[in-house]
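I have placed the structure first, in the form of structure tokens, so that the comments after it can refer back to it.
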Amino acid sequence: MPLSSSTNTATLQQFRAQFPALETKYYFNYGGQGPMSQAALTHMSQMHQYIQAIGPFSRRVNQWIQNQAAETRQMLAAELGATADAIALTEDVTVGCNIPLWGLDWRAGDHILLTDCEHPGVIAAVQEISRRFQVEVSTCPILATCRGGDPVTVIAEHLRSNTRLLVISHILWNTGQVMPLAEIVARCHIHQPHPVLVLVDAAQSVGMMPLDLPATGVDFYAFTGHKWYCGPAGLGGLYIKPEVMSQLRPTFIGWRGITTDEAANPTGWKPNSQRFEIATSDFALYGGLRSAIAIHNQWGTPQHRYNRICELSQLLWQKLRDMGAVPQNNALTIAPLSPTPPASGLVSFRVMLKGQPSPKHHVQLVQTLEAKGYLLRTLLHPHCVRACLHYFTLESDIEQLVANIADYCSRHDPSVL
């Protein structure tokens with residue numbers, strides 16, 4: 001049965017033809033990096049050519065670059081329900097997370113609370129802050145809530161009197177679970193004896209789901225353009241709630257973030273989130289990201305796209321679940337990580353042998369599929385295989401993916417661990 005929000009296959013194929021990477025492969029890796037459209041690639045090339053034709057670092061080009069940056073902040077702000085002054089342009093999610101992590105005035109004995117589903121890059125930054133400033137760090141068990149439980153309650157139980165910051169992902173990169181962000185933020189902000197700030201890793205949410213950041217109350221929201229937006233690698237952003245901006249100080253400092261007098265002497269910071277931007281970047285990326293976002297918005301609203309993503313992920317989840325329903329003769333079977341369809345485009349699953357996950361088969365399955373043109377990835381925590389579906393994924397691609405997974409399970413010796 002066709003999905004309720006899908007369009008006819010011919011129209012979808014025509015839309016997908018804009019993405020060169022989709023011509024020769026079945027792509028299920030949007031959560032790692034989305035393929036770029038030809039329009040985005042062309043826009044970037046045109047911007048590079050324009051800069052060279054006018055003259056790099058000329059007065060005219062410098063003003064043009066400032067206008068491009070302002071236009072990009074404005075477009076991202078509109079996507080997030082925010083104002084442009086609250087957006088700092090960054091290289092990626094990790095840089096965005098590092099800005100508040102290092103910008104807060106840490107004192108010995110402060111506490112940072114992480115979940116057990118955060119990215120290693122963010123965990124490493126928190127560990128170094130702990131070492132340098134004698135900040136306490138602990139982890140709360142959010143991973144288990146994908147099988148039942150209330151993340152808000154779990155987090156509340158792990159807050160301490162000295163907790164200053166919670167670091168959490170909006171969509172968990174390993175399970176696809178969507179965190180109830182507004183409820184979590186509200187609980188942190190009423191914490192006693194003082195409110196707890198909330199830093200969100202938004203690697204998997206921006207570009208996938210409709211967002212209104214001011215409505216969530218979140219303090220810091222770090223995102224990228226190269227995943228679900230299918231934009232160029234090397235450009236992302238950080239939303240900073242205006243009310244908490246004064247609590248941060250820039251760590252890396254450059255000409256884009258400062259004000260100067262007539263003699264070019266530094267006099268202070270830019271009055272908005274631009275104070276956290278540093279210096280020269282690949283400015284042509286701005287045009288690439290704007291073109292990428294525009295293509296998605298031409299297809300449909302963020303809510304329409306998100307609805308289709310969830311329908312596709314439910315379809316894949318159900319088919320994978322059916323594959324593991326009746327194991328026979330100790331054969332390899334498939335088990336989705338979540339007992340319910342994730343409300344996102346991330347579907348993680350395990351290859352099971354005698355009721356236990358088989359990491360070796362996870363690796364071999366991904367390698368086998370890639371050789372056939374099906375691009376997925378393995379995750380290490382928990383060890384599993386992750387497939388990512390965008391709104392323009394074909395239902396026939398899902399059918400063929402499942403068929404190839406079933407073929408792998410039937411062809412491989414189940415006694416090999």
Side-chain angles (χ1 to χ4, degrees), residues 77 80-83 85-88 93 96-119 122-123 125-126 129-130 133-146 148-172 175 177-206 209-223 238-249 273 343-344:
L80 304 177
T83 62
D85 282 349
I87 304 295
V93 173
C97 287
N98 270 269
I99 289 172
L101 283 174
W102 291 99
L104 289 170
D105 182 21
W106 295 110
R107 300 176 183 177
D110 286 342
H111 173 240
I112 300 175
L113 179 62
L114 292 163
T115 82
D116 58 353
C117 291
E118 302 314 309
H119 193 275
V122 176
I123 296 172
V126 171
I129 287 170
S130 175
F133 303 113
Q134 292 75 56
V135 170
E136 300 174 11
V137 177
S138 65
T139 302
C140 59
I142 290 296
L143 179 62
T145 64
C146 81
D150 177 19
V152 181
T153 299
V154 172
I155 289 168
E157 290 173 346
H158 286 78
L159 295 175
R160 303 176 182 176
S161 60
N162 59 338
T163 304
R164 287 191 63 192
L165 181 70
L166 168 69
V167 181
I168 189 169
S169 296
H170 195 167
I171 297 179
L172 304 186
T175 68
Q177 184 180 2
V178 180
M179 292 290 99
L181 186 58
E183 292 85 350
I184 290 171
V185 171
R187 181 62 186 81
C188 287
H189 284 178
I190 64 170
H191 182 66
Q192 296 296 329
H194 54 76
V196 174
L197 297 169
V198 179
L199 164 60
V200 174
D201 180 332
Q204 302 299 337
S205 53
V206 170
M209 61 192 303
L211 294 166
D212 182 349
L213 296 189
T216 70
V218 67
D219 301 294
F220 314 111
Y221 200 83
F223 59 94
L238 172 68
Y239 163 83
I240 304 172
K241 186 167 69 173
E243 292 84 350
V244 302
M245 193 176 304
S246 62
Q247 298 186 42
L248 295 185
R249 292 290 183 271
S273 291
S344 70

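- Between Asn98 and Ala125 the shortest heavy-atom distance is OD1-CB, 3.7 Å.
- Residues Val218 and Ile184 fail the side-chain proximity criterion, which asks for heavy atoms closer than 4.5 Å.
- Asp85 is not listed as a side-chain neighbour of Pro242, based on a closest heavy-atom distance of 4.5 Å or more.
- Under the side-chain contact (heavy atoms from CB on, under 4.5 Å) criterion, Ser273 pairs with Ala88, Ile240, Met245, not counting sequence neighbours.
- Checked against side chain to side chain donor-acceptor pair (under 3.5 Å), Trp106 has no partners two or more places apart in sequence or in another chain.
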Going by atom type alone, with no hydrogens or angles, which donor-acceptor pairs under 3.5 Å involve a side-chain atom of residues 160-167 and a protein atom two or more places apart or on another chain?
| from | atom 1 | to | atom 2 | distance (Å) |
| --- | --- | --- | --- | --- |
| Arg160 | NH1 | Glu136 | OE1 | 2.9 |
| Asn162 | ND2 | Gly109 | O | 2.7 |
| Asn162 | ND2 | Glu136 | OE1 | 3.3 |
| Thr163 | OG1 | His111 | ND1 | 2.6 |
| Thr163 | OG1 | Arg160 | N | 2.7 |
| Thr163 | OG1 | Arg160 | O | 3.2 |
| Arg164 | NH1 | Asp105 | O | 2.6 |
| Arg164 | NH1 | Asp110 | OD2 | 2.9 |

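- For Glu183, the side-chain contact (heavy atoms from CB on, under 4.5 Å) criterion is met by Val152, Pro180, not counting sequence neighbours.
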Practice task
Kindly indicate, with the supporting measurements, whether the criterion side chain to side chain contact (heavy atoms under 4.5 Å, CB included) is fulfilled by Cys140 and Leu113.
Solution key: CA-CA 7 Å; Cys140 59; Leu113 179 62; 4.1 Å; yes

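- Between Val244 and Phe220, some side-chain heavy-atom pair lies under the 4.5 Å cut-off.
- In this structure the side chain of Leu80 reaches within 4.5 angstrom of the side chain of Ile87, judged on heavy atoms.
- For the atom pair Leu159 CG and Ser138 OG, the distance stands at 9.0 Å (nearest 0.5 Å).
- Between Thr115 and Ile168, the shortest heavy-atom distance links the atoms CG2-CG1, 3.6 Å.
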Practice task
Test Val178 against Met209 for side chain to side chain contact (heavy atoms under 4.5 Å, CB included), laying out the working first.
Solution key: CA-CA 10 Å; Val178 180; Met209 61 192 303; 4.1 Å; yes

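- We find the CD1-OG1 distance between Ile112 and Thr139 to be 11.0 Å, quoted to the nearest 0.5 Å.
- Residues satisfying the side chain to side chain donor-acceptor pair (under 3.5 Å) test with Ser344, not counting sequence neighbours, are none.
- The side chain to side chain donor-acceptor pair (under 3.5 Å) pairs that include a residue from residues 210-221 are His170-Tyr221, His189-Asp219, Ser205-Tyr221, Asp219-Lys241, where partners are two or more places apart or lie in different chains.
- Nearest heavy-atom pair across Thr145 and Val154 is CG2-CG2, 4.0 Å.
- With hydrogens and angles ignored, the 3.5 Å screen pairs a side-chain donor or acceptor of Glu118 with a backbone N or O of Ser169.
- A search for ring pair (Phe, Tyr, Trp, His ring centres under 6.0 Å) contacts involving His158 returns nothing, not counting sequence neighbours.
- Within the 4.5 Å cutoff, no side-chain heavy atoms of Pro214 are placed close to those of Thr83.
- Remark: Pro195 pairs with no residue by the side-chain contact (heavy atoms from CB on, under 4.5 Å) rule, at least two apart or across chains.
- Taking all atoms of both residues into account, the shortest heavy-atom contact from Pro100 to Leu238 is CD-CD2, 3.9 Å.
- In terms of the side chain to side chain donor-acceptor pair (under 3.5 Å) criterion, residue partners of Thr153 (sequence neighbours excluded) are, by chain and number, Asp150.
- Here the shortest heavy-atom pairing between Val198 and Cys188 reads CG2-CB, 3.8 Å.
- Closest approach of Asp116 and Pro141 over heavy atoms only: OD2-CA, 3.4 Å.
- Legend: residues meeting side-chain contact (heavy atoms from CB on, under 4.5 Å) with Cys146, ordered by chain and number and at least two apart, are Thr175, Gln177.
- With contacts defined as side-chain heavy-atom distances shorter than 4.5 Å, the pair Ile142/Met179 qualifies.
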